[in-house]
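Right, one structure below, let's go through it.
Start at 1 and go down the list; that is how both ligands and their atoms are numbered.
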Amino acid sequence: MKRIVILTGAGISAESGLGTFRDVGGVWSQYDLQEVATPQGFARNPALVHDFYNHRRANLLTASPNPAHVALARLEREWPGRVDLVTQNIDDLHERAGHRNVIHMHGELMEAKCAECGAHWEAPKRMQASDPCPECGESATRPDVVWFGEIPYDMDLIESRIAECDIFASIGTSGQVFPAAGFVLQANAMGAHTVELNLEASELSGMFEERHEGPASDIVPAWVD
Ligand SMILES: CC(C)NC(=O)[C@H](Cc1c[nH]c2ccccc12)NC(=O)[C@H](CCCC/N=C(/NCCC(=O)O)S[C@H]1O[C@H](COP(=O)(O)OP(=O)(O)OC[C@H]2O[C@@H](n3cnc4c(N)ncnc43)[C@H](O)[C@@H]2O)[C@@H](O)[C@H]1O)NC(=O)OCc1ccccc1
């Protein structure tokens, strides 16, 4: 029975109205990554960082899953126990499309975390650093996202699933951020069949055996069928 690992990036949520990072007009053209997506930036100016994520959370609440998210949720239902979805996205559109098992390697926008004790809880609409932690009472609240320089979540689980998969598919990612950008190398080394689905060629396109170009909401349902 074939096992499949799917990696998704910002491109799969672009047609749901959530900006990508590096495309024209992308998030990193409007905000300085060092200021809003690093632990050092948060230490320097937590209010600026919370504004950034509160803005994205407000956006997410008005967004809906698109046919690409829905198609992957259907694949998970049709291939029970054989699909591992790893997303770099911090949005919850996969889950809202009905996907049950989603590995958020870069965290979740709808979650809050205590920088003191590490407790997690559901994020309020507007988060601020002074929000008290429900566990330790400290006021060190941060979004539960993985910033640059921080270790992504579930790396051991992800690497073990890539090691045993037959198919590795990458959807809507530019392949510029590690360790996610290294997964196709691992998959190739393990002999998996590798597939890229993206609007255009990415940094990693040459490493994939099969490629499909176009908007995710068109090419992903077609690939799943
Ligand atoms: C910039 C880059 C060079 N820097 C890094 O990679 C760094 C440093 C680094 C580590 N190793 C290296 C090796 C070499 C060089 C640098 C490094 N990595 C880290 O710091 C990572 C942590 C990185 C996580 C940072 N947090 C994010 N997000 C959360 C926050 C937030 O969201 O605010 S990263 C953020 O950017 C990443 C990449 O973005 P994409 O999703 O690919 O989006 P992008 O806009 O770039 O591309 C969109 C693509 O979609 C396509 N597209 C657009 N529209 C559509 C459409 N409609 N349909 C289909 N496709 C579409 C476009 O064509 C395009 O190709 C995403 O992961 C996203 O989460 N931590 C770490 O390495 O810890 C140690 C470690 C590692 C392993 C094991 C133990 C310890």
Side-chain angles (χ1 to χ4, degrees), residues 6-42 48-57 59-60 63 65-69 71-72 86-94 103-111 113 123 142-160 162 169-186 195-205 208 211-223:
I6 299 169
L7 173 70
T8 62
I12 199 171
S13 296
E15 294 158 84
S16 295
L18 301 185
T20 62
F21 293 89
R22 289 168 186 76
D23 293 317
V24 178
V27 172
W28 299 144
S29 68
Q30 298 161 46
Y31 294 90
D32 175 347
L33 174 162
Q34 294 304 329
E35 279 189 359
V36 296
T38 64
Q40 298 80 4
F42 184 66
L48 173 74
V49 173
H50 277 301
D51 278 354
F52 173 62
Y53 287 100
N54 287 340
H55 174 71
R56 290 173 65 186
R57 199 171 299 110
N59 253 356
L60 177 55
N66 65 56
H69 300 105
L72 294 183
V86 180
T87 188
Q88 299 171 81
N89 300 343
I90 61 176
D91 67 56
D92 60 351
L93 297 181
H94 283 300
I103 300 170
H104 282 273
M105 70 179 291
H106 291 163
E108 299 179 65
L109 191 52
M110 302 314 286
E111 285 282 306
K113 179 173 157 182
R142 56 167 284 177
D144 180 19
V145 298
V146 176
W147 287 322
F148 289 91
E150 296 186 320
I151 298 175
Y153 288 133
D154 300 317
M155 284 304 296
D156 296 343
L157 171 63
I158 294 168
E159 281 166 0
S160 68
I162 290 172
S170 173
I171 304 173
T173 184
S174 62
Q176 296 184 44
V177 173
F178 290 80
F183 292 166
V184 62
L185 279 174
Q186 291 165 24
V195 191
E196 183 181 52
L197 298 99
N198 221 49
L199 187 63
E200 64 215 349
S202 74
E203 301 276 317
L204 305 173
S205 294
F208 289 88
R211 297 193 58 247
H212 303 272
E213 272 195 22
S217 65
D218 296 344
I219 61 175
V220 174
W223 175 70

Query raised in the report: How would you list, by chain and number, every residue that makes a salt bridge (charged side-chain N to carboxylate O under 4.0 Å, His left out) with Glu111, sequence neighbours excluded?
Result: none
Query raised in the report: Any heavy atom of Arg56 sitting closer than 4.0 Å to ligand 1?
Result: yes
Query raised in the report: Should one rank Glu213, His106, Glu196, Gln176 by closest heavy-atom distance to atom 24 (C) of ligand 1, which comes out on top?
Result: His106
Query raised in the report: Does any N or O atom in Ala216 lie less than 3.5 angstrom from one in ligand 1, N or O only?
Result: yes
Report task. Indicate yes or no: does an N/O atom of Ala10 lie under 3.5 Å from an N/O atom of ligand 1? Result -> yes
Query raised in the report: With the threshold set at 4.0 Å, does a side-chain nitrogen-carboxylate oxygen contact exist between Lys113 and Glu150?
Result: no
Report summary line: Applying side-chain hydrogen bond (donor to acceptor under 3.5 Å, both in side chains) to Thr173 and not counting sequence neighbours gives Gln88
Query - The one among Gly172, Gly149, Gly9, Ala181 that brings a heavy atom closest to atom 48 (C) of ligand 1 - result: Gly172
Report task. May I ask you to list the atoms of ligand 1 that are less than 4.0 angstrom from any heavy atom of Glu15? Result -> 56 (C), 57 (N), 58 (N)
Query raised in the report: Which ligand 1 atoms, with their elements, are less than 4.0 angstrom from a heavy-atom of Glu150?
Result: 21 (C), 22 (C), 70 (N), 71 (C), 73 (O)
Query raised in the report: Any idea how His50 and Phe42 line up, ring-wise: parallel (<30°), tilted (30 to 60°), or perpendicular (>60°)?
Result: perpendicular
Query raised in the report: For atom 8 (C) of ligand 1, is some protein heavy-atom partner under 4.0 Å away?
Result: no
Query raised in the report: Going by distance only, is there an N or O of Asn89 that falls short of 3.5 Å from an N or O of ligand 1?
Result: no
Query raised in the report: Does even one non-hydrogen atom of Ala37 get within less than 4.0 Å of ligand 1?
Result: no
Requested in this report: Within a distance under 4.0 Å of any heavy atom of Gly214, pick out the atoms of ligand 1 and give their elements.
Outcome: 58 (N), 59 (C)
